[in-house]
Amino acid sequence: MSESDLIRRASGGDAEAAGLLWQEHRRWVAAVVLAHKPREADLEDLLQEVALAVVEKLHQLSDTGAFRGWLRAVAVNTARATGRKQTRRKGLLKLAQTELADDPTRHDYVDPSGVERAERSRKLIELVGELPEAYRECVLLRCVRGMSHAQISAVTGMPETTIETRIARGRRKLKELAQETAPKAVTK
Amino acid sequence: MTDATSEQDRRDILVARVVDGEATSEDWRELRALAAADQAIWAELAEQQDLKRELDVAVEDAVSVAERVALPMHEHASVAPNSRMKLALTGAGWLAAASVAAAWMVGTTPQQTLPPSPVGNNGSSSIAMANPINTAADALAKYLELGKQSGEVLGEMPTSLVLERTPNENGGYDVIYLRQIVERTTVEGVYKPATNDAGQMYFVPKQSTPPAQPAGDAAPLPAAW
C-alpha cells in the first residue's frame with residue numbers, strides 16, 4: 001500500500017493505517033520535538049502528547065501530499081506548548097530529587113555499562129540545544145537514520161540548498177561549542 | 001540570520017559532504033585546492049568526522065524513545081469500531097481487546113462495569129490478576145505484583161512526597177505528588193558520582209566488599225511491604 005493510501009485511510013479513521021504511519025515517521029518526529037522543546041521538558045512525555053494530538057487532528061488532514069509538513073507542525077506546536085507546562089512541573093520534581101539526593105541514607109547505584117557513552121551523548125545533545133534554532137532542527141534530522149536533504153526538505157518545507165547550508169554551519173558551530181566546553185589541560 | 005553562502009560556508013559544505021560520504025569528484029578537487037592553500041582543512045575534516053560519529057549515536061539514542069510511543073487511537077471516538085478492535089488486538093494486547101469486547105456486549109464502558117481497582121500498597125490482590133488493565137491504578141497494581149514475583153520490585157514506600165497542592169472549586173485540593181517505589185537490580189560494578197576541580201562530573205568505581213552473611217536466607221522486609 002502506498003503512503004498516500006495509508007494517509008487517506010488514516011485520516012478516514014483507520015487505526016491500523018494510522019499506526020503504521022506513526023511507526024514509519026515517529027523517529028524523525030522525535031528529532032523535531034527534541035529541536036523545539038524547552039531544555040527541561042521530557043522528550044518521551046512530549047511524544048505521547050504529539051501522538052495524542054495526531055489522533056485528535058488526523059481527520060482534519062485533507063491534502064495527503066502535505067502529511068509530513070502537517071505532522072511537523074503538530075510536533076513543533078505540541079513541543080512548545082506542552083513543553084512550557086512540563087518545564088514548570090519538572091522544576092518541582094528537580095527540587096524533590098535534590099532533597100532525596102541530600103538524604104545521607106540514600107546510596108547511588110549506577111550501572112557502569114554505557115555510563116560514559118550516555119554521559120557524552122547527553123552533553124552533546126545539550127550542546128545542540130545551544131545552537132541557533134534555525135540550525136538545530138536540520139542538524140538533528142540529518143542524524144536520524146541518515147535522512148537526506150530531500151527528505152528534510154519534505155518535512156520542513158525549506159529548499160535543499162538552505163538545509164545543506166544550515167547543517168554545515170550548525171556542525172561548525174557545534175564543534176566550536178564542544179571545544180569551548182571541553183576540559184582544559186591543567187599546567188603546573 | 002541570512003542563508004546566503006560565504007567562502008566559509010562553501011568550506012563547511014565541502015567538509016560536510018565528505019563527512020556524509022556524499023562528496024563528488026568535483027567536490028574533492030575543490031577541497032584539495034583549498035587544502036593546498038590551508039592544510040588546516042584536513043584537521044577540520046577529521047574533527048568533523050569524529051563529531052558526526054558521536055552526534056549520530058547521541059541522536060539515535062535520544063530519538064529511540066519514540067519506539068516506546070504508540071498512537072493512542074482507542075482514546076479517540078472517531079475511529080471506526082472494526083479498526084478499534086484491530087488496534088486493541090494488535091497494539092494493546094488481548095486484555096484490552098477483551099475489555100473492549102465486553103463493553104460492546106453490554107453496551108457500556110469498561111469502567112462502568114468493573115469493580116474499583118486495588119490501589120496503593122496492597123497491589124497484590126487477585127482481582128488485579130483476573131481483570132483487564134483499564135486504569136493507571138490497575139497497571140500500577142499489576143506492575144507491583146509482577147515485580148514482586150520476579151524480585152525486581154521490593155515494594156512502595158508508605159509515604160508519598162507532596163510537590164504541589166492547589167485549592168480546587170470543590171473545596172478540596174489538587175495535589176501533585178511523588179510515589180516512591182523500591183526496585184532491585186544486579187550490576188557488574190558500582191560507581192559513585194564525583195566532581196573534579198574544574199567542576200565537571202565523573203564516576204568513581206567503588207571497591208566491592210563481600211557482604212556480611214545474613215542470618216536467614218534473606219533479610220526480612222518491613223511489615224508494611
Side-chain angles (χ1 to χ4, degrees), chain A residues 13-16 18-19 22 26-31 34 43-44 47-48 51-52 54-56 59 89 92-93 95-96 99 108-113 115-118 120-122 124-125 128 132 134 139-140 142-146 162 164-169 171-172 174-175 178 183-184 186, chain B residues 1 3 5 8-9 12-13 15-17 19-20 44 47-48 51-52 54-76 78-80 83-84 86-87 90-91 161 163-164 176 178 185 187-193 196-198 200-203 205:
Chain A
D14 184 331
E16 197 177 356
W22 174 249
R26 61 188 169 186
R27 288 180 78 91
W28 71 253
V29 171
L34 192 59
L43 179 59
E44 188 171 349
L47 275 174
Q48 301 278 6
L52 190 61
V54 167
V55 170
E56 284 169 356
H59 67 280
R89 196 159 290 182
L92 290 164
L93 275 172
L95 264 179
E99 282 178 23
D108 293 301
Y109 296 111
V110 181
D111 184 351
S113 60
V115 164
E116 272 184 38
R117 175 183 137 158
R120 272 204 313 273
S121 291
R122 188 189 63 75
L124 201 49
I125 295 290
V128 173
V139 167
L140 287 173
R142 187 73 167 122
C143 298
V144 180
R145 292 182 178 161
T162 305
E164 188 175 32
T165 307
R166 290 187 178 192
I167 290 170
R169 284 182 188 170
R171 285 184 187 165
R172 173 161 50 85
L174 190 61
K175 192 191 75 183
K184 305 279 185 298
V186 180
Chain B
M1 185 179 308
D3 285 316
T5 53
Q8 178 67 56
D9 282 334
D12 292 339
I13 286 170
V15 168
R17 284 182 186 170
V19 166
D20 291 337
E44 225 171 274
E47 285 169 357
Q48 281 292 353
L51 183 69
K52 171 72 167 40
E54 288 207 25
L55 192 59
D56 280 349
V57 169
V59 175
E60 282 294 345
D61 277 356
V63 302
S64 66
V65 298
E67 305 291 339
R68 298 200 291 264
V69 178
L71 277 196
M73 294 299 288
H74 53 286
E75 290 180 20
H76 197 244
S78 73
V79 179
S83 305
R84 191 174 186 168
K86 270 191 225 163
L87 181 88
T90 56
L161 188 62
L163 301 176
E164 187 182 55
I176 296 173
L178 183 69
T185 189
V187 296
E188 288 171 10
V190 176
Y191 285 60
K192 191 173 171 54
N196 66 16
D197 293 342
Q200 288 154 337
M201 194 172 83
Y202 67 103
F203 292 96

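For the pair B:Glu44 and A:Arg172, the salt-bridge criterion is not met [side-chain N within less than 4.0 Å of a carboxylate O]. Salt bridge absent: B:Asp12 and A:Arg169 never bring a charged side-chain N and a carboxylate O closer than 4.0 Å.
Interface residue A:Leu140: backbone and side-chain heavy atoms are both found under 4.5 Å from chain B. In this structure, chain B has heavy atoms under 4.5 Å from both the backbone and the side chain of A:Val144. Neither the backbone nor the side chain of B:Thr185 comes within contact range of chain A, judged by heavy atoms closer than 4.5 Å. Heavy atoms of A:Arg120 lying under 4.5 Å from chain B belong exclusively to its side chain. Heavy-atom distances place the side chain of B:Val19, and not its backbone, under 4.5 Å from chain A. Looking at A:Val29, there are no atoms closer than 4.5 Å to chain B (heavy atoms on both sides), in backbone or side chain.
When all heavy atoms are compared, the tightest approach of A:Gly19 to B:Leu71 is N-CD1, 4.2 Å.
With rounding to the nearest 0.5 Å, the separation of CD in A:Glu44 from CZ in B:Arg68 is 4.0 Å. To the nearest 0.5 Å, the span separating CG on B:Asp56 from OG on A:Ser121 amounts to 10.5 Å. Note that CG of B:Leu51 is 6.0 Å distant from CG of A:Leu124, once rounded to the nearest 0.5 Å. Of the inter-residue distances, the one linking B:Leu55 atom CG with A:Ile125 atom CD1 reads 6.5 Å to the nearest 0.5 angstrom.
Of the listed residues (A:Glu164, A:Gln48, A:Arg145), the one with the most heavy-atom contacts under 4.5 Å to chain B is A:Glu164. Ranking B:Lys52, B:Glu67, B:Glu47 against chain A, the residue ahead of the rest is B:Glu67, based on heavy-atom pairs under 4.5 Å.
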#### Entry: side-chain contact (heavy atoms from CB on, under 4.5 Å) evaluation trace for B:Val69 with A:Trp22
CA-CA 9 Å; B:Val69 178; A:Trp22 174 249; 4.0 Å; yes
#### Entry: Residues B:Asp20, A:Arg142; criterion salt bridge (charged side-chain N to carboxylate O under 4.0 Å, His left out); working and verdict
CA-CA 10 Å; B:Asp20 291 337; A:Arg142 187 73 167 122; 3.1 Å; yes
